[in-house]
Amino acid sequence: MGKLVVVGVAQEQHPDRCRLWLQWQRINWPVLHDPITKTGLTAVPVLTAIDEWGVVRLTNPEPDTFEREFLDRHFPKPALLPDTGPASSLDPLALLAEARAKNSAEAWRAYGDTVLLFGPKRGQLGALEAYRRAVKASPADGASQFRLGVAYRLRYDSPARQEGDFQAALDAWGRALALDPNQYIWRRRIQQYGPRLDKPYPFYDWVEEARAALRARGETPIALTAEPGGAETASPLKELSPAAPIPEPDPQAKVTRDAGRFVLIETALAPGKVKPGEAARLHLVFRVNGARKAHWNNEAEPLRVWLNVPPGWETEQRLIELPNPQTATSAEVRQTSVELRISRSAPPGPATLTGYALYNVCEDVNGVCLFRRQDIRVGLEVTAP
Amino acid sequence: MIASISLCLALLTLTFAPSADASAPTEGRKVGDMHPEIVLPSLDGKKTYALSQFRGKKVLLVQFASW
């Protein structure tokens with residue numbers, strides 16, 4: 001075109017998902033990644049027409065008048081170019097020194113942002129500590145709380161993952177949103193993983209359509225480091241249909257417990273704090289224990305999860321079954337999520353959801369294959385209505 | 001070219017509608033103000049871009065999400 005440069009800024013936790021979307025849409029203009037709302041936006045999309053001198057000329061322009069009001073207009077050089085504000089330093093050492101000296105949320109955020117965005121491997125470990133210190137300096141700083149959540153989720157999606165990272169991310173985002181409930185990007189970040197009863201739309205239901213379209217075009221879809229989970233592709237739900245009565249698979253707890261920890265189970269609740277009558281999405285992630293050289297045995301009953309729902313609570317499923325893949329054995333991470341509604345008369349305070357998983361797992365290639373049970377306990381906080 | 005630019009803008013507006021929040025604000029971005037500098041990495045992390053590097057050309061800045 002010559003007359004116009006289109007530049008994108010993507011508000012995304014997972015940049016490769018946006019890259020897949022751009023590949024599908026055949027968009028090849030430069031797109032920048034902003035996982036931490038560094039631009040300060042509270043909602044998207046926002047389109048801004050900026051002239052050759054950097055001056056804003058139109059906001060959310062109309063297609064019918066865009067050319068006349070912007071492209072075809074001549075904007076003279078301002079007599080005095082307005083000040084854009086002080087240029088931010090990108091020197092992490094200088095920012096770290098300033099953060100240590102000031103110990104303010106703003107200074108720790110500035111350092112954390114630079115390390116997260118530009119450091120080697122995005123520097124997520126250093127950024128996580130920086131945002132912890134920012135939150136400690138100012139717990140009421142929503143921007144720091146949100147960034148802390150982003151850093152936890154980045155670590156969760158990395159080889160450096162630690163148990164509890166996903167829940168820590170959700171809790172930090174929850175604190176951020178409580179401090180600024182008008183921040184729609186923060187709200188959407190929680191809703192992305194949250195209950196269907198609170199979803200405005202399906203977030204990533206386009207992924208399979210995009211992949212099919214790209215393969216049909218003879219292209220290889222960009223690989224995703226974190227596949228969208230069921231909660232991220234699910235459609236909104238207006239009402240929760242009660243779970244159909246179904247026999248409990250091990251009511252007398254006769255199945256041998258997985259004392260050897262052949263399978264590691266992680267849970268997360270989105271959101272982690274709910275009011276009586278509100279919904280939450282329970283995420284369950286199952287990993288075979290590499291230290292035990294364990295793998296799934298797919299030639300027996302599939303992995304099943306049973307939930308003991310407290311009185312007054314509702315769920316769409318009490319027995320969840322994860323189908324086996326076609327191969328006889330495998331070692332993939334398995335995950336699922338289920339909708340819950342907390343009792344309308346639940347008292348404020350800590351609450352516990354229990355259940356168990358039943359699975360077939362083998363130790364080493366020609367080792368012993370076992371049918372095991374692992375009990376599950378999920379804590380959540382019921383807040384005052 | 002004129003028709004294609006208008007069509008492009010219309011398509012951009014429609015494409016990002018699913019994630020649209022009606023009251024998307026433009027704080028700090030009033031007409032007549034300098035747009036604040038933005039320095040961010042590319043999506044693949046291989047490059048760093050600054051909004052100011054596009055000075056000298058007209059820019060349509062599209063802030064969006066794929067969700």
Side-chain angles (χ1 to χ4, degrees), chain A residues 1 3-12 15 17-19 21-22 25 30-34 38-61 63-64 66-67 70-71 81-85 87-88 90 117-118 122 184 188 192 201 203-204, chain B:
Chain A
M1 286 182 184
K3 293 173 77 167
L4 180 71
V5 172
V6 184
V7 178
V9 176
Q11 298 289 338
E12 298 273 353
R17 294 183 190 178
C18 188
R19 290 178 60 217
W21 189 85
L22 295 169
Q25 300 293 324
V31 177
L32 288 55
H33 183 216
D34 183 7
K38 188 150 178 75
T39 59
L41 280 193
T42 61
V44 286
V46 174
L47 277 65
T48 312
I50 305 168
D51 74 13
E52 298 90 333
W53 313 107
V55 179
V56 175
R57 294 298 176 182
L58 293 173
T59 56
N60 292 325
D64 293 343
F66 181 62
E67 286 160 85
F70 181 67
L71 285 183
L81 276 176
D83 187 11
T84 55
S88 301
L90 294 182
L117 294 171
F118 304 108
R122 297 296 174 93
Y184 282 97
R188 296 288 182 253
Q192 175 180 333
Y201 45 77
F203 281 66
Y204 288 102
Chain B
M1 180 191 285
I2 292 175
S4 68
I5 291 173
S6 294
L7 181 62
C8 176
L9 187 57
L11 285 174
L12 281 173
T13 306
L14 288 171
T15 298
F16 301 120
S19 62
D21 279 301
S23 58
T26 54
E27 64 268 6
R29 297 158 187 85
K30 295 195 189 68
V31 171
D33 286 353
M34 284 290 282
H35 194 283
E37 173 70 301
I38 295 174
V39 182
L40 289 167
S42 57
L43 279 171
D44 60 8
K46 292 179 180 174
K47 288 184 186 176
T48 296
Y49 286 93
L51 186 60
S52 55
Q53 79 185 65
F54 299 102
R55 259 338 128 69
K57 283 196 179 267
K58 286 179 176 159
V59 172
L60 179 64
L61 181 67
V62 181
Q63 302 191 71
F64 71 104
S66 71
W67 35 260

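Hydrogens, waters and symmetry mates are skipped; everything else that's a heavy atom, side chains included, is used. Reminder, nothing fancy here: chain letters follow the sequence lines and each chain counts from 1.
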key: Shortest non-hydrogen separation from B:Val39 to A:Phe118 and the atoms involved   = O-CZ, 3.7 Å

request  = Would you check if A:Phe70 and B:Leu60 make a side-chain contact, meaning some heavy-atom pair closer than 4.5 Å?
outcome  = no

task = Would you mind reporting whether B:Ser66 and A:Leu22 have side-chain heavy atoms less than 4.5 Å apart?
result = no

message = Minimum heavy-atom separation for A:His33 and B:Ser42, please, with both atom names.
response = CB-O, 4.1 Å

query = Looking at A:Val56 and B:Lys30, what are the two nearest heavy atoms and their distance?
reply = CB-O, 3.5 Å

inquiry  = When you compare the side chain of B:Arg55 with that of A:Asp51, does any pair of heavy atoms fall below 4.5 Å?
reply    = no

ask   = Is it the side chain or the backbone of B:Phe54 that comes within 4.5 Å of chain A heavy atoms, both, or neither?
value = side chain

task = Determine the minimum heavy-atom distance between A:Thr39 and B:Gln63, stating which atoms define it.
result = OG1-OE1, 3.4 Å

task = Report yes if some heavy atom in the side chain of B:Leu51 is under 4.5 Å from a heavy atom in the side chain of A:Ile50; otherwise report no.
result = yes

ask   = Heavy-atom distance under 4.5 Å between the side chains of B:Asp33 and A:Val55, does that happen here?
value = no

ask   = Quick one: are B:Val62 and A:Val6 in side-chain contact, heavy atoms under 4.5 Å?
value = yes

query = Looking at side-chain heavy atoms only, is the closest gap between A:Leu4 and B:Lys57 below 4.5 Å?
reply = no

ask   = Residues in salt bridge (charged side-chain N to carboxylate O under 4.0 Å, His left out) with A:Asp34, at least two apart?
value = none

key: Trace of the side chain to side chain contact (heavy atoms under 4.5 Å, CB included) decision for A:Cys18 with B:Trp67   = CA-CA 8 Å; A:Cys18 188; B:Trp67 35 260; over 6 Å; no

Option in A:Gln192, A:Glu52, A:Glu12 with maximal non-hydrogen atom pairs under 4.5 Å from chain B = A:Glu52

ask   = B:Phe64 versus A:Val9: any side-chain heavy-atom pair under 4.5 Å?
value = no

key: side chain to side chain contact (heavy atoms under 4.5 Å, CB included) between A:Leu47 and B:Leu61, worked out   = CA-CA 6 Å; A:Leu47 277 65; B:Leu61 181 67; over 6 Å; no

Approximate separation, where rounding is to 0.5 Å, of A:Leu71 CG and B:Lys58 NZ = 6.0 Å

